[in-house]
Amino acid sequence: MLQLGFIRSNREKVLEGLKKKNFQDLDLIDKIIASDDLRKTLQFNSDELLAKRNAASKAIGMLIAQGKKEEAEAQKAEVTTLKETIDSYAVQLAEVEGIVEGMLLRIPNLPGERVPVGKSAEDNTVVRQHGDIPKLHDGALPHWDLITKYDLVDFQTGVKITGSGFALYKGRGAKLQRAMIQYFLDYNIAAGYTEFIPPYVVNYASAYGTGQLPDKEGQMYHMAIDDLYLIPTAEVPVTNIYRDEIIPSASLPVKMTAYTPCFRREAGSFGKDVRGLNRVHQFDKVEVVHITEASTSYDVLEEMVLHVEKLIQSLGLPYRILLLCGGDMGFASAMTYDFEVYSAAQERWLEVSSVSNFESFQSNRMKIRTKDENGKTQLLHTLNGSSLALPRILASLLENHQTPEGILIPEVLRPYFGADMIA
RNA sequence: GGAGAUUUGUCCGAGUGGUUGAAGGAGCACGCUUGGAAAGCGUGUAAACGGGAAACUGUUUCGAGGGUUCGAAUCCCUCAGUCUCCGCCA
């Protein structure tokens, strides 16, 4: 969430940013400031009373030590009368703090300067496009048919075991999946990212930290019996490694990568949007997370974009990079690049990666900080991106690389997969 | 799942109701000392939220939350983590 102090001293800038993000409830800002004014007054008064009480209590202690019992008793009676006021302030303060927090949680992150103005996906800017759209042979198939033809993924049995949206990968399909995970991880590690295998289940505080909670609980699977959540992305456990930490500046930037399955309840749309591997409840993803000083986060964002871009290139897939407009960006993001890969048989673009700078929006919630040269604590910036989400990569890989003889495996995957082709 | 122990600052560790935000030690930073280093000596060394132009200062925080009390790290309740033993188990 945004920092209160920032909102207070940059009211105009905040309003402008929220407009760009297409945020409707602009009154909220003035309401927050007004409630916070009240909070400050309450805290000031309450602190004064508490100070008075503490001083009196100390005095009582000394009186008792000196054996002046009667004076002590008199003092006690006096402090007792303070109690009621103190309690009522505590109640009011807690209430106002709750109100401010509740409003603050509804304010999305502000878009960065370079974010284009716009309302929907149609207003996103294509930053660049690369790779030729392949001309497929006659009889070329969409991936859901290729999957059946080569017996790579069994959706029916996935439904039997769990329900719709849960795929059963088998044989060469499973191996190709594993080959990609291995390759993606090795690629990230070679670029200086440290690999983690985090828990796939997180508690409330972690889901809150990255912004999944509150409000978006419907998107996650929740295990009520233990009050834990299945992760929707590795971003959640990995970024939370540093929750409530002050990271020494010598350790920055922090570069982490992790493969995890991702679980998403999202009901979503129907028909060809969700056909095959386009949208599933459980999928594999390799994620990269960066924690960095504020001054370098936008350089890091570009660095991450290049990193993901080269990875997609190495798979020989045609792709384009979009810079999302204000209205299409996520709640917590300040700037997001989406990567889309062209799916030749479906004749459409599929999102396979999203690389975002959250600035201090997440770190403010998680209290991920460092000390600057003056010894003051400063919030760090967090960034993350997929490198990459597997199902749609698999889908476009099957579709784009299909030949009448079989599916060609990209060279970089062959050592991991152990064959040149699925025939 | 059952029984017992335990949870204090960056770390170790003292502290069972009263100037304790917290002894002592280590680490770290700065200064002195030194040809240089080490040792030694001295000083400093938490965070959040307030007040103040600043110096400075108030409040809160001793696993988390609640309670008792004029006053709680210290007493009571609930929950969580860690360790040991037993049970179950890949």
Side-chain angles (χ1 to χ4, degrees), chain A residues 1-9 32-105 197-209 213 223-229 237 240-252 254 360-380:
Chain A
M1 68 186 135
L2 295 178
Q3 289 173 269
L4 239 179
F6 179 83
I7 293 178
R8 296 188 67 104
S9 47
I32 286 172
I33 294 174
S35 293
D36 191 49
D37 285 339
L38 176 60
R39 191 209 102 236
K40 282 188 180 192
T41 313
L42 286 172
Q43 184 179 338
F44 184 78
N45 294 340
S46 159
D47 280 0
E48 279 202 322
L49 285 177
L50 286 169
K52 215 185 265 183
R53 186 201 67 188
N54 289 343
S57 292
K58 264 179 196 170
I60 291 170
M62 276 159 68
L63 289 171
I64 290 174
Q66 289 163 17
K68 300 177 182 169
K69 281 202 177 130
E70 280 173 31
E71 284 174 54
E73 287 305 318
Q75 275 271 22
K76 275 193 197 178
E78 210 170 292
V79 181
T80 309
T81 62
L82 275 181
K83 253 193 129 178
E84 224 171 281
T85 329
I86 288 174
D87 287 348
S88 98
Y89 268 120
V91 170
Q92 287 180 67
L93 242 187
E95 192 186 329
V96 174
E97 278 171 356
I99 290 170
V100 172
E101 159 113 350
M103 290 194 284
L104 219 42
L105 282 172
I197 302 179
Y200 301 155
V201 169
V202 294
N203 56 28
Y204 185 95
S206 292
Y208 173 88
L213 292 175
M223 286 165 289
I225 195 168
D226 294 308
D227 194 21
L228 296 172
Y229 299 84
N240 271 283
I241 291 170
Y242 286 97
R243 168 154 51 85
D244 293 321
E245 300 283 339
I246 296 178
I247 306 176
S249 57
S251 313
L252 294 171
V254 172
S360 59
F361 197 82
Q362 291 183 327
S363 62
N364 187 36
R365 285 181 163 211
M366 281 184 276
K367 297 288 173 275
I368 302 180
R369 295 153 296 171
T370 191
K371 297 266 194 198
D372 66 15
E373 319 78 68
N374 304 315
K376 290 191 72 178
T377 53
Q378 299 289 350
L379 291 176
L380 289 164

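Side-chain atoms are counted along with the backbone in the values below, which use heavy atoms only and exclude waters and symmetry mates. Quick note on labels: first sequence line is chain A, next is B, and so on, each numbered from 1.
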Do the side chain of A/Thr370 and the main chain of A/Gln378 share a donor and acceptor less than 3.5 angstrom apart? no
Where along nucleotides 61-70 of chain B does protein come under 4.0 Å, by heavy atom, of base (B) or sugar-phosphate alone (S), with - for untouched nucleotides? ---------B
By nearest nucleotide on RNA chain B, pick out whichever of A/Gln43 and A/Ser46 is the more 5' one. A/Gln43
Closest non-hydrogen atoms of A/Val202 and A/Pro237, given as atom of the first, atom of the second and distance, are CG1-CB, 4.1 Å
For the backbone of A/Leu380 and the side chain of A/Ser363, can you confirm whether one donor and one acceptor N or O come within less than 3.5 Å of each other? yes
Rounding to the closest angstrom, what is the interatomic distance between B/U74 and B/A64 at atom P? 11 Å
Looking at A/Asn240 and A/Ser206, what are the two nearest heavy atoms and their distance? ND2-O, 2.8 Å
Pairwise C1' distance, B/G18 and B/A26 [rounded to whole Å]: 31 Å
Taking the P atom of each, how far is B/G51 from B/U45, in whole Å? 24 Å
Round to the nearest Å and state the distance from A/Asp47 atom CG to B/G50 atom P. 10 Å
After noting the C-alpha distance and the side-chain angles of A/Ser57 and A/Asn54, does the key distance pass the side chain to side chain donor-acceptor pair (under 3.5 Å) rule? CA-CA 5 Å; A/Ser57 292; A/Asn54 289 343; 5.5 Å; no
I'd like the C1' distance from B/C32 over to B/A48, given in whole Å. 36 Å
Does any N or O in the side chain of A/Asp36 come within less than 3.5 Å of the main-chain N or O of A/Arg39, such that one atom is a donor and the other an acceptor? no
Would you measure the distance from the P atom in B/A73 across to the matching atom in B/U60 and give it in whole Å? 10 Å
For the pair made of CG in A/Asp37 and P in B/G51, what is the distance, rounded to whole Å? 10 Å
To the nearest Å, how far apart are A/Leu50 CG and B/G58 C1'? 10 Å
With nearest nucleotides of RNA chain B determined for A/Lys367 and A/Lys52 from heavy-atom distances, which residue corresponds to the more 5′ nucleotide? A/Lys367
Interatomic distance, A/Phe44 CZ vs B/U60 C1' [rounded to whole Å]: 16 Å
Using the P atom in both, what is the distance from B/A46 to B/G4, to the nearest Å? 40 Å
Using the P atoms only, state how far B/A14 lies from B/C75, rounded to an integer number of Å. 16 Å
Interatomic distance, OH@A/Tyr204 vs CG@A/Leu213, rounded to 0.5 Å, equals 5.5 Å
Intra- and inter-strand pairing of RNA chain B, written as dot-bracket with Watson-Crick and G-U pairs under 3.5 Å and | for the latter, reads ((((((((.[[[..)..(.....]]]((((((.......))))))((((((....)))))).[[[[[..)....]]]]])))))))....
Which value, rounded to the nearest 0.5 Å, describes the distance between A/Ser251 atom OG and A/Ile246 atom CD1? 12.5 Å
Quantified in whole Å, what is the P atom distance between nucleotide B/G2 and nucleotide B/C79? 11 Å
On the nucleotide B/U59, are OP1 or OP2 found under 4.0 Å from the side-chain N or O atoms that A/Asn54 carries? yes
Separation of atom CG in A/Leu42 from atom C1' in B/G51, rounded to whole Å: 15 Å
Whole Å only: how far is the CZ atom of A/Arg369 from the C1' atom of B/C49? 13 Å
Between CD on residue A/Glu97 and CD on residue A/Gln43, distance to nearest 0.5 Å: 7.0 Å
If you take all heavy atoms of A/Arg243 and A/Asn203, which pair is closest and at what distance? NH2-OD1, 3.9 Å
Taken to the nearest 0.5 Å, the spacing of A/Arg53 CZ from A/Leu82 CG works out to 9.0 Å
Could you check how far CD1 of A/Ile246 sits from P of B/C11, rounded to whole Å? 12 Å
Take the protein atom CG of A/Leu63 and the nucleotide atom C1' of B/U19, then report the distance between them rounded to whole Å. 13 Å
From B/U60, B/G58, B/G51, pick the nucleotide closest to the side chain of A/Lys40? B/G51
Does a side-chain N or O from A/Arg39 land closer than 4.0 Å to OP1 or OP2 of B/C49, or not? no
